[in-house]
Amino acid sequence: MISLATIGTSAITEHLLDAVADSSRIRHTVVHSRSAARGRAFADQVGVDRVVTTLEELAGSGIDAVYIASPNALHHDQARAMLRAGKHVLVEKSACVTPAGWQDLVDLARARGLALLEANRNSVWHPGTAALREALPRLGRIRLSQLGYCQRSSRYDRFLAGQTPGIFDPAMGAGALMDIGTYALEAMIELFGQPPTFSTEAVLIGHQQPGTADRQDRPLDPSIDGAGVLTARYPGHLCTVTWSKISDSSAPSVIQGEDATLTADSIEDPSQLTLTARGSRQVIEIPRRRIRDMGHELEAFADAVEDPSRCSLPQRWTAQRLDLMAEIRRRTGVRLAGS
């Protein structure tokens, strides 16, 4: 039985713990939070006795593995401390702010024979993403694809009111690209590889400047991305990727080949694929227990704890995506702490 600690008390940690409750291989034993009160409240909610507030306490707590779901800017240092303490690490996306930070963690994990994975829905373990990848040969030569994930943040109204919630805070390594752009970009890299060339734009958002609240053309202080788009150019194939934290879209993701078209209900958590060819239509249902079921990545992490060599391919995909995201930020003028 793998004893697991969690860092972070947000909703995503609750999703992970739903999966832990269904697992016979992993047991949640320790909650880490920098706030003792918040940690105690969360521990009581999820039925765990032990709460720690420092990484030193966590390192000495006797656990086998750590799930990190803190703000992005904290991921590298927290993961590094846990790897140095001999703990296996499952870290939320984005795993690190910079590619160099991720490579540092990969090198350390490999040197110590530890599992290190980013918690995402890649095709190694997510059945929906795997089915998407397996269907590609049936499309013939791929010509156009549109991948996207746009979900208006519940905290955007607070941002508009002049606050800086963590998801819109450059100091926390946040923003639309780092939070949900990761999903569609991960899928693009897995399905089609690194794009030889691409163009990209971002919608930069910021707070109103003083004294301009009643003006329609009120100037903003652009500080972080609220939405973005990338057009990747592959030989004979254009792929458009969109992401947003300031608007919603229920549009599916679509991959068009010369022989057939493949539609996914969502690129971040595919549950239904539709393959449309000349005169035929096939619907592929992906079984799942719940929306945003993290059981697949949790079981993959348990497998990796037993055999850390299983981490190699997912680690490479994470590295490629972080490289791409760093270049997107450079071109669009997004500046995050630590980058």
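This one's a predicted model, so the numbers in the text were calculated from it and none came from an experiment.
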With rounding to the nearest 0.5 Å, note down the distance linking [atom1] in [X] to [atom2] in [Y].
X      : Y      : atom1 : atom2 : answer
Thr9   : His32  : OG1   : NE2   : 11.0 Å
Thr318 : Asp323 : OG1   : CG    : 11.0 Å
Leu336 : Met178 : CG    : CE    : 6.0 Å
Phe301 : Ser23  : CZ    : OG    : 11.5 Å
Leu160 : Phe168 : CG    : CZ    : 8.0 Å
Glu186 : Met325 : CD    : CE    : 10.0 Å

| query | How far apart are the C-alpha atoms of Asp303 and Asp307, what are their side-chain angles, what is the distance that settles it, and do they pass the side chain to side chain contact (heavy atoms under 4.5 Å, CB included) test? | reply | CA-CA 6 Å; Asp303 290 341; Asp307 179 7; over 6 Å; no
State whether the side chain of [X] and the backbone N or O of [Y] hold a donor-acceptor pair below 3.5 Å, judged by distance alone.
X      : Y      : answer
Arg112 : Arg84  : yes
Trp243 : Asp179 : no
Trp125 : Gly295 : no
Asp169 : Thr164 : no
Ser3   : Asp64  : yes
Gln103 : Pro99  : no

Give the minimum heavy-atom separation between [X] and [Y], together with the two atoms involved.
X      : Y      : value
Thr242 : Cys150 : OG1-SG, 4.1 Å
Val97  : Ala337 : CG1-O, 4.0 Å
Ile246 : Val203 : CD1-CG1, 4.1 Å
Leu322 : Cys96  : CD2-O, 3.4 Å
Arg233 : Pro196 : O-CD, 3.2 Å
Ser253 : Gly148 : OG-N, 3.2 Å

Cluster link [X] to [Y], ILVMFWY, side chain under 4.5 Å:
X      : Y      : result
Leu16  : Val46  : yes
Ile63  : Leu108 : yes
Val31  : Met1   : no
Ile12  : Leu90  : yes
Met188 : Trp317 : yes

For [X], look at atom [atom1] and say whether over 12 heavy atoms of other residues, nucleotides or ligands are found less than 6.0 Å away.
X     : atom1 : value
Arg34 : CZ    : no
Gln45 : CD    : yes
Arg27 : CZ    : no

Report yes if the side chains of [X] and [Y] come closer than 4.5 Å at any heavy-atom pair, otherwise no.
X      : Y      : value
Leu74  : Ile68  : no
Ile26  : Tyr67  : no
Gln78  : Leu55  : yes
Ile205 : Ile224 : yes
Tyr234 : Ile142 : no
Ser123 : Leu132 : no
Thr6   : Val20  : no
Asp265 : Pro252 : no

Do you see a donor-acceptor pair shorter than 3.5 Å between the side chains of [X] and [Y]?
X      : Y      : answer
Glu190 : Thr129 : no
Arg331 : Thr200 : no
Ser94  : Asn72  : no

Salt bridge between [X] and [Y], side-chain N to carboxylate O under 4.0 Å?
X      : Y      : value
Lys245 : Asp225 : no
Arg121 : Glu268 : no
Glu118 : Arg321 : yes
Arg278 : Asp259 : yes

Would Glu297 and Lys93 count as a salt bridge (Lys or Arg N to Asp or Glu O under 4.0 Å) if you check the C-alpha gap in whole Å, the side-chain angles of each, and the deciding distance to 0.1 Å? CA-CA 12 Å; Glu297 55 225 77; Lys93 50 79 193 160; over 6 Å; no
Checklist entry - Which is it for His75 and Leu105 under the side chain to side chain contact (heavy atoms under 4.5 Å, CB included) test, yes or no, and what are the steps along the way? => result CA-CA 10 Å; His75 286 178; Leu105 297 182; over 6 Å; no
Determine, step by step, whether Ile328 and Phe198 satisfy the side chain to side chain contact (heavy atoms under 4.5 Å, CB included) criterion, reporting the C-alpha distance in whole Å, the side-chain angles of both residues, the deciding distance to 0.1 Å, and the verdict.
CA-CA 9 Å; Ile328 292 171; Phe198 70 90; 4.0 Å; yes
Ring geometry between Phe192 and His237 (parallel below 30°, tilted from 30 to 60°, perpendicular above 60°)
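His237 vs Phe192 ring planes: perpendicular.
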Report task. For the pair His296 and His126, name the ring-plane relationship: parallel under 30°, tilted 30 to 60°, perpendicular over 60°. Result ->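 Correct class here is perpendicular.
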Query - side chain to side chain contact (heavy atoms under 4.5 Å, CB included) assessment of Trp102 paired with His76 - result: CA-CA 7 Å; Trp102 177 245; His76 174 267; over 6 Å; no
